[in-house]
Amino acid sequence: MQIPVVRNILEANELIAQELSRTFLQRRILALNLMSSPGAGKTTLLEKTLTDLKGEFKMAVIEGDVQTNNDAQRVAATGAQALQINTDGGCHLDSSMVLEAVNKMDLDGVDILFIENVGNLVCPAEFSVGEDYKVTILSVAEGDDKPEKYPLIFAESKVMLLNKVDLLPYVDFSLERASNIARSLNKDIEIFPVSARTGEGLDKWYDWLRQEVDKKKKR
């Protein structure tokens, strides 16, 4: 029987995730697990956030990628500390990978740790990496039925960022439909329509980050 092996993998992941969660709490670091499909604009949104808020917060990034370090180079160019994890074909980050990365980073004084997961809408939602919240980025170019087709990732996320809203005049995408489906899966999900390219809507995302950093500092 192979079932106990699968269960043990998930249990082992959860134990390490709990250890990471305790570390982030002790250090008062807001840890966010960023998830999306490839091409949703996750790294561009991260670059914009790191650039716009670097005067307010000390931020660090763990970059998950199947093969390259292209994204880590992009975020490091903003001045933020960045560490690359290559999964060599793996479709998600797990807690043991993140623990190894955390042990190699200088987290003194860090306010926000972004964990940019491998790009897909399935596997990353199944593995906790000790984060405070999961954040899913969905671009309007992908179709407004994605929350219906990939429910777990939206059900597990605290925030859905609807990216590339500057493309709305050119694509068949209903913000209302995508938002309603996401809320039917997760009534507490917070939804921010944004454009990382133009900056539209990012003020509300930044306000949410400020609020959550403040909460974490007081815990």
Side-chain angles (χ1 to χ4, degrees), residues 32-53 61-75 77-78 80 82 84 87 89-93 114-127 131 133-209:
L32 300 176
N33 184 358
L34 304 184
M35 307 179 296
S36 78
S37 57
K42 189 160 72 279
T43 306
T44 301
L45 191 139
L46 191 50
E47 286 177 297
K48 185 74 173 164
T49 302
L50 293 168
T51 300
D52 290 348
L53 298 185
V61 180
I62 294 173
E63 275 288 345
D65 196 276
V66 172
Q67 198 64 49
T68 75
N69 66 357
N70 296 349
D71 292 347
Q73 290 185 37
R74 286 171 59 184
V75 299
T78 70
Q84 180 72 53
T87 61
C91 60
H92 64 276
L93 296 177
F114 293 103
I115 303 164
E116 184 175 354
N117 219 309
V118 177
N120 78 69
L121 291 176
V122 181
C123 315
E126 298 174 358
F127 287 79
E131 73 274 10
Y133 301 117
K134 292 178 172 66
V135 174
T136 295
I137 296 99
L138 174 67
S139 81
V140 302
E142 296 175 73
D144 53 22
D145 62 343
K146 286 297 180 291
E148 193 171 26
K149 294 179 73 173
Y150 303 96
L152 180 62
I153 200 166
F154 297 94
E156 292 281 320
S157 291
K158 178 70 172 176
V159 171
M160 176 170 73
L161 291 162
L162 285 169
N163 193 25
K164 304 187 183 181
V165 293
D166 51 306
L167 297 180
L168 279 173
Y170 313 104
V171 296
D172 185 13
F173 186 97
S174 167
L175 288 177
E176 183 180 10
R177 180 167 188 261
S179 299
N180 286 343
I181 297 171
R183 289 195 176 103
S184 73
L185 299 164
N186 177 356
K187 66 181 176 58
D188 297 321
I189 195 168
E190 301 199 50
I191 300 171
F192 303 123
V194 301
S195 168
R197 189 179 72 84
T198 68
E200 180 180 350
L202 289 177
D203 52 341
K204 289 185 172 58
W205 162 237
Y206 295 161
D207 284 345
W208 183 85
L209 287 173

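This structure is a prediction, so every number in the text was calculated from the model and none was measured.
- Nearest heavy atoms, A125 versus I153: CB-CA, 3.7 Å.
- Contact check for L168 versus L175: side-chain heavy atoms found under the 4.5 Å cut-off.
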Item to complete: Carefully, step by step, assess I189 and T136 under the rule side-chain contact (heavy atoms from CB on, under 4.5 Å).
Response: CA-CA 10 Å; I189 195 168; T136 295; over 6 Å; no
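- Nearest heavy-atom pair across P147 and A182 is CB-N, 4.1 Å.
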Discussion item. Please evaluate residues E176 and S179 with respect to the criterion side chain to side chain donor-acceptor pair (under 3.5 Å), reporting the C-alpha separation (whole Å), side-chain torsions for both, the decisive distance (0.1 Å), and the verdict.
Written reply: CA-CA 5 Å; E176 183 180 10; S179 299; over 6 Å; no
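- Of the inter-residue distances, the one linking E142 atom CD with Y150 atom OH reads 9.0 Å to the nearest 0.5 angstrom.
- In this structure, the separation between CZ on R197 and CG on L45 is 13.5 Å, given to the nearest 0.5 Å.
- The heavy-atom pair separating F192 from K204 by the smallest distance is CD2-CB, 4.0 Å.
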Practice prompt. Take L138 and L161, measure what side-chain contact (heavy atoms from CB on, under 4.5 Å) needs, and give me the verdict at the end.
Written response: CA-CA 6 Å; L138 174 67; L161 291 162; over 6 Å; no
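- The backbone N or O of M160 lies less than 3.5 Å from no partner atom in the side chain of S157, so there is not a single donor-acceptor pair.
- Ring geometry, W205 versus F114: the interplanar angle falls from 30° to 60°, so the pair is classed tilted.
- Salt bridge E148/R177: present, at least one basic N to carboxylate O contact under 4.0 Å.
- Within the 4.5 Å cutoff, no side-chain heavy atoms of F154 are placed close to those of N186.
- Rounding to the nearest 0.5 angstrom, the gap separating the CZ atom in R74 from the CD atom in E47 is 4.0 Å.
- Distance check, rounded to the nearest 0.5 Å: OG of S195 to CD of E200 gives 6.5 Å.
- Summarising the geometry of Q84 relative to A72, their closest heavy-atom pair is OE1-CB, 3.0 Å, with the distance given to 0.1 Å.
- A pairwise comparison of heavy atoms in A178 and F173 identifies CB-CZ, 3.7 Å as the closest pair.
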Discussion item. Checking V66 against V118 for the side-chain contact (heavy atoms from CB on, under 4.5 Å) test, could you report, in this order, the C-alpha distance in whole Å, the side-chain angles of both residues, the deciding distance, and whether it holds?
Written reply: CA-CA 7 Å; V66 172; V118 177; 3.8 Å; yes
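- Using a distance-only test at 3.5 Å, with no hydrogens or angles considered, a donor-acceptor pair links the side chain of N120 to the main chain of C123.
- The closest side-chain heavy-atom distance from E116 to L46 is below 4.5 Å.
- At least one side-chain heavy atom of Y206 sits under 4.5 Å from a side-chain heavy atom of T49.
- Summarising the geometry, atom OG belonging to S139 is positioned 9.0 Å from atom CG belonging to L162; distances are rounded to the nearest 0.5 Å.
- Residues Y170 and D166 share a closest heavy-atom pair of CE1-O, 3.9 Å.
- A donor and an acceptor atom, one from each side chain of S36 and K42, are located under 3.5 Å apart.
- Going from atom CG of N117 over to atom CD1 of I115 covers 8.5 Å, rounded to the nearest 0.5 Å.
- Under the 3.5 Å distance criterion, with hydrogens and angles disregarded, no donor-acceptor pair is assigned to the side chains of N33 and Y133.
- For the residue pair T43 and D71, a side-chain donor N or O sits within less than 3.5 Å of a side-chain acceptor on the partner.
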Practice prompt. Please assess L152 against L121 for the test side-chain contact (heavy atoms from CB on, under 4.5 Å), listing each intermediate value before the final yes or no.
Written response: CA-CA 9 Å; L152 180 62; L121 291 176; over 6 Å; no
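- Checked by atom type and distance alone, the side chain of N163 never pairs as donor or acceptor with a backbone atom of V140 at under 3.5 Å.
- Take E63 and apply the salt bridge (charged side-chain N to carboxylate O under 4.0 Å, His left out) test, not counting sequence neighbours, and it matches no residue.
- At least one side-chain heavy atom of K158 sits less than 4.5 Å from a side-chain heavy atom of E190.
- A donor-acceptor contact shorter than 3.5 Å links the side chain of D144 to the backbone of S174.
- Checking side-chain atoms of D65 against main-chain N and O of T68 turns up a donor-acceptor pair under 3.5 Å.
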